[in-house]
Amino acid sequence: MQTAKIAEQAGFSGVQIHAAHGYLISQFLSPHHNRRQDQWGGSLENRMRFLLETYTAIRAAVGKDFLVGVKLNSADFQKGGFDESESVQVVQKLSEMGIDFIEVSGGNYESPHMLAAKDSTRKREAFFIDYAEKARAVSQAPLIITGGFRSQNAMEDALSSGHLDLVGVARPFALVPDLANKMQNGTYQTVQTDRIQTGVALVDKKAGAMLEMNWYMTQMDLIGQGKQPDPKLSAWKVLLKTLWENGKAGLSTGRA
Ligand SMILES: Cc1cc2nc3c(=O)[nH]c(=O)nc-3n(C[C@H](O)[C@H](O)[C@H](O)COP(=O)(O)O)c2cc1C
């Protein structure tokens, strides 16, 4: 509601269908999760039906002047999961159906590639840049790539490649809330976002992704309270807070 109001004041209205990161629509798309044997499972055509019907119903309700976009995984990065070649086919279909924008991410809470599993991927910054070119080849819809961007240089390089139209940025904003202003006035170059770790290998391996999410949510809490983010916030403090508030489930990334 609030978002719609802000969007309206900014001169646009729209919705984004979340079909990524292991949420419901993403589960329909994934052959790893979707074991249905009716018209909603099996072939890609069947697995993408839920997304396409959701899009069609929203479009019918809001009309053609209202922005309807989608957030889609380039891949789930799971054995037997939704992969790049299937994702490109979904992009092509949505584009043919008139989707207004496509945001690309990847992974889910069982395989959290949206936050980057490997250090080498983090170093490279733009996690899903290689996929952009493939999506661009089959789609005219404005393309957004989200994940890994830290430096203004990496964002500008990605945009100048011509394969995408916008970059999505999440964690840097939790540490530099006025990042966009800083870029405009030339006082931003990059921000360091080290992996959030306790130093205990087992804890970091099992709960690292959720710990990282919770660490950044704590930063957003601070901003919400009118305070400054705290880049030195202890991972242990966040771990204990999470366990205190949610028990072990607060650190769990998937089903048993
Ligand atoms: C605290 C936090 C909350 C997030 N919540 C969402 C969410 O609600 N929906 C979503 O699609 N992605 C969510 N993400 C993932 C981001 O949208 C993004 O894909 C990811 O952080 C990678 O981008 P970055 O490298 O710029 O952080 C969240 C990430 C963080 C750190």
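Note that ligands are numbered from 1 as they come in the structure, with each ligand's atoms numbered from 1 the same way.
- Between Gly148 and ligand 1, at least one N/O pair is under 3.5 Å apart.
- The shortest contact between atom 23 (O) of ligand 1 and any protein heavy atom is with Gly147 CA, 3.4 Å.
- Residue Ala20 places every heavy atom at 4.0 Å or more from ligand 1.
- The residue among Arg171, Gln16, His21 with a heavy atom at the shortest distance from atom 19 (O) of ligand 1 is His21.
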Practice item. Would you sort out whether Asp83 and Ser85 count as a side chain to side chain donor-acceptor pair (under 3.5 Å), showing the intermediate values? Key: CA-CA 6 Å; Asp83 64 19; Ser85 74; 3.2 Å; yes
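- Among protein heavy atoms, the minimum distance from atom 3 (C) of ligand 1 is reached at Met213 CE, 3.6 Å.
- Between Tyr109 and Tyr23, the ring planes are perpendicular. Angles over 60° get that label, and only those under 30° would be called parallel.
- Between Tyr55 and Val70 there is no side-chain heavy-atom pair separated by less than 4.5 Å.
- By the 6.0 Å contact criterion, CD on Gln89 is enclosed, its count of non-hydrogen atoms from other residues, nucleotides or ligands being greater than 12.
- Neither the backbone nor the side chain of Thr193 has any atom closer than 4.0 Å to an atom of ligand 1 (non-hydrogen atoms only).
- Here is the list of ligand 1 atoms found below 4.0 Å of a heavy atom in Val169: 26 (O).
- Distance screen at 4.0 Å: atom 9 (N) of ligand 1 has a protein heavy-atom neighbour inside the cut-off.
- For atom 17 (O) of ligand 1, the nearest protein heavy atom lies closer than 4.0 Å.
- For the pair Val238 and Ile196, the minimum side-chain heavy-atom distance is 4.5 Å or more.
- Of the candidates His113, His18, Met114, Met114 brings a heavy atom nearest to atom 22 (C) of ligand 1.
- In this structure, Met183 CE and Gln152 CD are separated by 4.5 Å, a value rounded to the nearest 0.5 Å.
- Checking only distances, Ala170 does come within under 3.5 Å of ligand 1, N or O to N or O.
- Using a non-hydrogen distance threshold of 4.0 Å, Arg150 registers as a contact of ligand 1.
- Atoms CD1 and CG, from Ile102 and Leu94 in turn, are 5.5 Å apart once rounded to the nearest 0.5 Å.
- No part of Glu212 comes within 4.0 Å of ligand 1, judged by heavy-atom distances.
- Taking the side chain as every heavy atom from C-beta outward, Leu44 and Arg47 approach each other to under 4.5 Å.
- The presence of a protein heavy atom under 4.0 Å from atom 6 (C) of ligand 1 is ruled out.
- Exactly one residue among Tyr131, Phe127, Phe82 makes a side chain to side chain contact (heavy atoms under 4.5 Å, CB included) with Ser74. That residue is Tyr131.
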